[in-house]
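What you are looking at is a predicted structure, and each value in this text was computed from that prediction instead of being measured. Labels below follow one simple rule: chain letters A, B, ... track the order of the sequence lines, proteins then strands, and each chain is numbered from 1.
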Amino acid sequence: MLYNPIVPELPEVETIRKGLAAVLPNRIVQKVFVHDSRLWRRTGQDPTPALEKTRIISVERQGKWLFCPLDSPHLSTGTILAAHLRMSGKFLVDKTENSATHERHDLSHLRATLLLSDAYRVSFVDTRRFAEFLIFTPETGKTLRARLGPDALNISTETLFSAFQGRKGTLKAALCNQHLIAGIGNIYSDEALWRAKMRWDRPAGHLSKKDAETLSFHIRSVLKEAIVAGGTSAKDGLYRGVNEEKGWFALQLDVYQRTGYPCPRCSTPIERRQRGGSATHFCPTCQQS
DNA sequence: CAATTGACCTGCAGGC
DNA sequence: TGCCTGCAGGTCAATT
């Protein structure tokens with residue numbers, strides 16, 4: 001059986017955000033257990049004590065980041081708890097009196113547990129230990145937020161066009177560059193380029209307005225369709241929603257991890273190129289613009 | 001400044 | 001059976 005770890009990108013993070021947003025807002029963090037201090041490596045400090053007795057205001061998302069604004073008399077106004085799932089981070093939400101969830105799930109990579117009011121429990125599992133948590137104030141988070149590009153979900157022609165202007169790297173690299181546009185990774189860059197019939201190795205800076213219109217349309221539509229499907233999970237893959245549910249967008253993928261299969265448009269076998277640490281999938285025949 | 005490469009991690013498939 | 005290698009890839013620091 002093929003092992004296909006599916007890494008969370010915008011649609012997967014958005015699906016998780018919705019799941020968390022159904023429970024977290026207005027609940028109080030009663031207790032925090034951090035089982036792996038590497039989770040906080042960016043600041044090097046475990047802010048667990050400061051988190052307790054705070055109220056979670058909402059659960060928001062920009063790109064692949066989750067942001068939870070907090071309300072506490074002990075924290076300065078605007079303090080935010082942020083999480084990035086990186087490769088394999090997963091949230092599970094259940095109630096403490098319902099131990100079945102935890103018994104069912106493999107918790108050997110449990111990294112943190114948050115106990116909330118009304119007996120809700122949020123478990124954070126991360127096999128590969130790339131995920132990170134971060135607490136920042138508007139002041140300390142300025143750099144992070146400023147370096148993050150506009151969210152890809154509703155990216156406009158104008159925004160895409162100006163973000164790619166002057167770039168000499170490939171379209172693929174620009175699409176995956178979170179400083180330019182936030183939320184797209186390896187799956188959805190391949191899928192958007194296939195839908196737009198564009199070569200992955202075109203210089204990003206050469207896009208015309210018309211090209212930017214075409215590409216931004218396909219970015220928006222592939223991301224929205226994937227969100228409707230609940231994201232992409234693979235057989236035995238890593239991504240799950242907060243209630244352990246799989247997403248079904250894998251059934252709608254046209255090129256990603258479909259090397260050798262016929263292109264849905266022209267039947268040419270899909271090709272694969274290694275690009276740095278990741279692979280690009282494309283149709284050599286009908287992705288020529 | 002922009003682009004590229006290696007490090008960080010772990011589990012599994014496939015080869016021998 | 002078990003060891004070894006390659007692959008999955010988001011982000012950042014270091015390098016070109």
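- Relative to the side chain of A/Glu9, the nucleotides B/dA3, B/dT10, C/dG10 differ in distance, and C/dG10 lies closest.
- Among the atoms of the strands shown, none is found under 4.0 Å from any heavy atom of A/Arg147.
- Between the side chain of A/Arg128 and the base of C/dA8 there is at least one donor-acceptor pair of N/O atoms closer than 3.5 Å.
- Of the residues A/Val125, A/Leu24, A/Leu85, the one that meets the side-chain contact (heavy atoms from CB on, under 4.5 Å) test with A/Phe91 is A/Leu85.
- In this structure, A/Phe130 forms an aromatic stack with the base of B/dC8, since both conditions hold: centre separation below 5.5 Å and plane angle below 30°.
- At a threshold of 4.5 Å between side-chain heavy atoms, the hydrophobic network of Ile, Leu, Val, Met, Phe, Trp and Tyr places A/Phe130 and A/Leu144 in two separate groups.
- Among the nucleotides B/dC9, C/dC12, C/dA8, the one closest to any side-chain atom of A/Ala279 is C/dA8.
- Criterion: ILVMFWY side-chain heavy atoms under 4.5 Å apart, direct or through other members. Under it, A/Ile227 and A/Trp65 are not part of a common hydrophobic cluster.
- Contact annotation: A/Gln274 side-chain N/O to C/dG6 OP1/OP2 distance is not under 4.0 Å.
- Look at A/Tyr188 and you won't find any side-chain N or O under 4.0 angstrom from OP1 or OP2 of C/dG10.
- Atom-to-atom, CG of A/Leu144 to P of C/dC12 comes out at 8 Å; the value is rounded to the nearest Å.
- Residue contacts for A/Arg272: at a heavy-atom cut-off of 4.0 Å it reaches the sugar-phosphate backbone alone, with no base atom in range.
- Regarding contacts with the backbone of B/dC8, every side-chain N or O of A/Arg41 stays at 4.0 angstrom or more from both OP1 and OP2.
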**OP:** Step by step, work out the side-chain contact (heavy atoms from CB on, under 4.5 Å) result for A/Arg202 and A/Asp211.
**Re:** CA-CA 12 Å; A/Arg202 264 179 75 173; A/Asp211 292 334; 2.9 Å; yes

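- Residues A/Phe133 and A/Phe124 bring their aromatic ring centres within 6.0 Å.
- Under the salt bridge (charged side-chain N to carboxylate O under 4.0 Å, His left out) rule, A/Asp151 has a single partner from A/Arg220, A/Arg145, A/Arg61, which is A/Arg61.
- With rounding to whole Å, A/Asp126 atom CG is found 14 Å from C/dG10 atom P.
- The side chain of A/His109 approaches B/dG11 more closely than any other nucleotide in the set B/dG11, B/dC8, C/dG10.
- The distance from atom CG of A/Leu66 to atom P of C/dG10 is 16 Å, rounded to the nearest whole Å.
- For the pair A/Leu85 CG and B/dC8 P, the interatomic distance rounds to 22 Å; values are reported in whole Å.
- When distances are taken from the side chain of A/Arg167 to each of C/dG10, C/dC7, B/dA3, the shortest belongs to B/dA3.
- Note on A/Gln178: only backbone sugar-phosphate atoms sit closer than 4.0 angstrom, heavy atoms only; bases stay farther off.
- The CH2 atom of A/Trp65 sits 11 Å away from the C1' atom of C/dC12 (whole-angstrom rounding).
- One atom, CH2 of A/Trp40, and another, C1' of B/dC8, lie 20 Å apart when rounded to the nearest Å.
- Distance from the side chain of A/Arg86 is smallest to C/dT11 among C/dT11, B/dA3, B/dC9.
- Side-chain nitrogen and oxygen atoms of A/Lys168 include none within less than 4.0 Å of the OP1 or OP2 phosphate oxygen of B/dC1.
- You'll find that the side chain of A/Gln257 is closest to C/dG9, out of B/dG11, C/dT11, C/dG9.
- Between A/Ile187 atom CD1 and C/dG9 atom P there is a gap of 8 Å when expressed in whole angstrom units.
- Atom-to-atom, CG of A/Leu175 to P of C/dG9 comes out at 15 Å; the value is rounded to the nearest Å.
- Comparing C/dT11, B/dC9, C/dA8 against the side chain of A/Arg38 picks out B/dC9 as the nearest.
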